[in-house]
Amino acid sequence: MSIELTGAEITIRCLQEEGVSHIFGYPGGAVLFLYDELFKQDKVKHILVRHEQAALHAADGYARSSNKVGVALVTSGPGVTNAVTGIATAYMDSIPMVIISGQVPTAAIGQDAFQEVDTVGITRPCVKHNFLVKDITELASTIKKAFYIASTGRPGPVLVDIPKDVTQQKTTFHYPSSIAMRSYTPVIHGDVQQVKKAVQMILDAKRPMIYSGGGVILNDASAELIELAQMLDFPCTNTLMGLGGYPATDRQFVGMLGMHGTYEANMAMQYCDVLIAVGARFDDRVIGNPKHFYSEERKIIHIDIDPSSISKRVKVDVPIVGSVSEVLRELIKLLKASKEKTDAHALQEWWRQIETWRARDCLKYDRASSLIKPQMVVEKLYEATQGDAFITSDVGQHQMWAAQFYKFNKPRRWINSGGLGTMGFGLPSAMGVQMANPGAKVACITGEASIQMCIQELSTCKQYHLPIKIINLNNRYMGMVRQWQEFFHGNRYAESYMDALPDFVKLAESYGHVGMRIDKPEDIEGALREAFKLEQQLVFIDFITDQTENVFPMVPGGKGLSEMILV
Amino acid sequence: MENEAGALSRVAGLFSARGYNIESLSVAPTEDPTLSRMTVVTTGSDEVIEQITKQLNKLIEVVKLVDLSNGDHIERELMLVKVRAVGEDREEMKRLTDIFRGSIIDVTDKTYTIELTGPSSKLDAFQQAIERSLVLETVRTGASGLGRGERILKA
Ligand SMILES: Cc1cc2nc3c(=O)[nH]c(=O)nc-3n(C[C@H](O)[C@H](O)[C@H](O)COP(=O)(O)OP(=O)(O)OC[C@H]3O[C@@H](n4cnc5c(N)ncnc54)[C@H](O)[C@@H]3O)c2cc1C
Ligand SMILES: Cc1ncc(C[n+]2csc(CCOP(=O)(O)OP(=O)(O)O)c2C)c(N)n1
Ligand SMILES: [Mg+2]
């Protein structure tokens, strides 16, 4: 005879079956039975955040840094609405997550009950899929589907809304070992004919370029990308989401491309004759004005698991729907077998051109300044961590400097909100990263504006002994906003000055952490070294930086990739 | 698509969220009660239609999708029109209904209710043909469609 379990027991059992080690959440009325079950077991560790947005970002950082599904648990009503920013953040960057939300009892749905919101309705546009489980017999299979959908194909967040009475009812528990859905069958293998066409195009290329993105990271396909690029000796650029997919210190890496990409990457992108786009989606921050992009002729091969990413913003010549790793392996195999070779002479010419662009040294800044240059802090951080830390970031200028100056040589080390650009992401995501990678060096590069959006998580960090290093590039401005106002709004700095800032050192100390304030360039290195020596402690370093520093290069809105503003 | 609560709102939500036109949408369960079939009429450039197709296919509940206008197809829509029908108009309404092969399905001494099925363009033509001031109420279902001949859409 099989025993019956409550919906709450079933939910927790499902998480155990999925091998979930950590769940980030915040309790409330609708999820009390679930919390009761969490309390009775110790396989799934619950991390209590201080705001539901942080629960989502932490689960997100956990997922990005580990390639496991991140899991969050929130209560109905305000619990869910607080979580929406975090859900949308994960959705825009295709992060595999499962969100369990409590809902009012089924009989109360639609009655404007206490803490009732239409969770499925509110989250519909920012999840890969969502479910409302009204029937307890469908609970286990729904959770199975949620994990399956979240982690396969183009990943994304999936929400399971569970009414309180369903967590109380009982049924027999059976967790399906696999799932098949007739309406959901992601394509993994690329079409052979298309791959063959791509091979020919690659062989015929005179000025080739590999442009790779988040898909390489999400698919753990970095090794295949490196193999392809190096066997061909093609230049490679990464999007903001793709950093670490190709090692930044390798000669063939031309830096990030796009709005704040390097001169050489953007020029090569504009003037290449064959572009191999790998798990990247031709974002508007990446190609600038599409008309200008089209003004040069080039052939485009586009590998992406999501057909809707292909020919969405840019028409491509060889679309290949499939997973990056599979398709790249196939390409490599065919290229190795091919008798034809690439045009070595043309390639040499192309590299010569790229090197002249590179010599423009577009990321240079005043290293002799008596004020702290934010770029220098990131460079020193790179040195202090031997390039081996997990770096999370918030949103703004500091995010761009982190992307430009920390040389990511491995995937999953660079954790940031690219698609939604969510300020407040940095600290909570670092918590998730540290949970997934105990013992690893984790630093959060942030700004004085962004950090204040989830500053309450300093308390969570204390409770769980998370020794994150917070690198606050404090320019007393919403620097990215100020930069736009300087360039495009006649220096009218409307509401971008950060007045009445707290004393961050005291603030960190009041949460039981270590705080430092550094305002001289010569002290950067020592401070970082000292901070990382404190292996057990969170250290908040408030770097007082040059307020006037701007991010270069910059492709202004509406301009083309080759029309950068340079220093 | 799967005959599940919420599937319809996902489709409708997609069109509004991405700014696609939606001219009509009709949906009902099929002979397989776990599936329902939806016909959406939309307009857009080839690129937009391509994106709509891909985005709809991405919805987890959508099992299969075809663009009927890519081949021979049959399209039908039902319209009910209630018109004022007194004096001379009464005869004229009857005559027009016959010409368009519609039928009068409800009669009072002052009104007719006319039923008409056909391609949406035929219903448009009927609406053009009758005197506008006599129309009291109109309801249209939106088009439903099937491929011609051997072309079938099956899960
Ligand atoms: C202030 C700010 C400035 C920014 N400036 C820049 C900039 O200068 N340069 C820049 O690049 N970005 C910049 N961004 C980020 C930008 O907004 C986009 O988020 C980013 O460019 C998208 O990266 P991506 O194309 O790699 O796509 P992602 O969003 O990472 O999407 C991944 C793609 O890979 C596909 N994929 C997923 N899994 C697989 C798989 N298994 N196999 C195959 N394909 C898969 C997906 O379908 C998707 O198409 C900026 C963001 C902010 C907030
Ligand atoms: C939640 C949210 N609100 C507003 C913005 C718009 N925004 C982008 S960057 C930025 C300023 C960030 O300032 P700070 O954190 O100090 O970073 P800095 O640019 O100075 O390095 C703002 C307000 C955003 N990205 N996210
Ligand atoms: Mg700032």
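Here the structure is a predicted model, which is why all the values come from computation and not from measurement. Just so it is clear: chains get the letters A, B, ... in the order the sequence lines come, proteins before strands, and each one is counted from 1.
- Atom-to-atom distance recorded for A/Ser309:OG and B/Gln51:CD is 8.5 Å, nearest 0.5 angstrom.
- Counted within 6.0 Å of CZ on A/Arg182, heavy atoms from surrounding residues, nucleotides or ligands total more than 12; the atom is thus considered enclosed.
- Looking at B/Glu4, there are no atoms closer than 4.5 Å to chain A (heavy atoms on both sides), in backbone or side chain.
- Contact tally against chain B (heavy-atom pairs below 4.5 Å) for A/Lys315, A/Lys312, A/Met181: the top residue is A/Lys312.
- Of the inter-residue distances, the one linking A/Ser308 atom OG with B/Leu56 atom CG reads 10.5 Å to the nearest 0.5 angstrom.
- Residue contact with chain B, scored on non-hydrogen atoms closer than 4.5 Å, involves the backbone and the side chain of A/Asn130 alike.
- Residue A/Pro307 touches chain B through both its backbone and its side chain, counting heavy-atom pairs closer than 4.5 Å.
- Considering every non-hydrogen atom in both A/Ile310 and B/Lys54, the closest pair reads O-NZ, 2.6 Å.
- Ranked by heavy-atom pairs under 4.5 Å with chain A, the first of B/Val63, B/Ile60, B/Val62 is B/Ile60.
- For the pair B/Leu14 and A/Arg124, the minimum side-chain heavy-atom distance is 4.5 Å or more.
- The shortest distance between side-chain heavy atoms of A/Lys128 and B/Lys58 does not fall below 4.5 Å.
- Residue contact with chain A, scored on non-hydrogen atoms closer than 4.5 Å, is absent for B/Ser16.
- Under the 4.5 Å side-chain criterion, counting only non-hydrogen atoms from C-beta, B/Glu61 is not in contact with A/Ser183.
- Using a cutoff of 4.0 Å between basic side-chain nitrogens and carboxylate oxygens, B/Glu47 and A/Arg313 are not scored as salt-bridged.
- Residue A/Lys144 qualifies as enclosed at atom NZ: its count of foreign heavy atoms under 6.0 Å is above 12.
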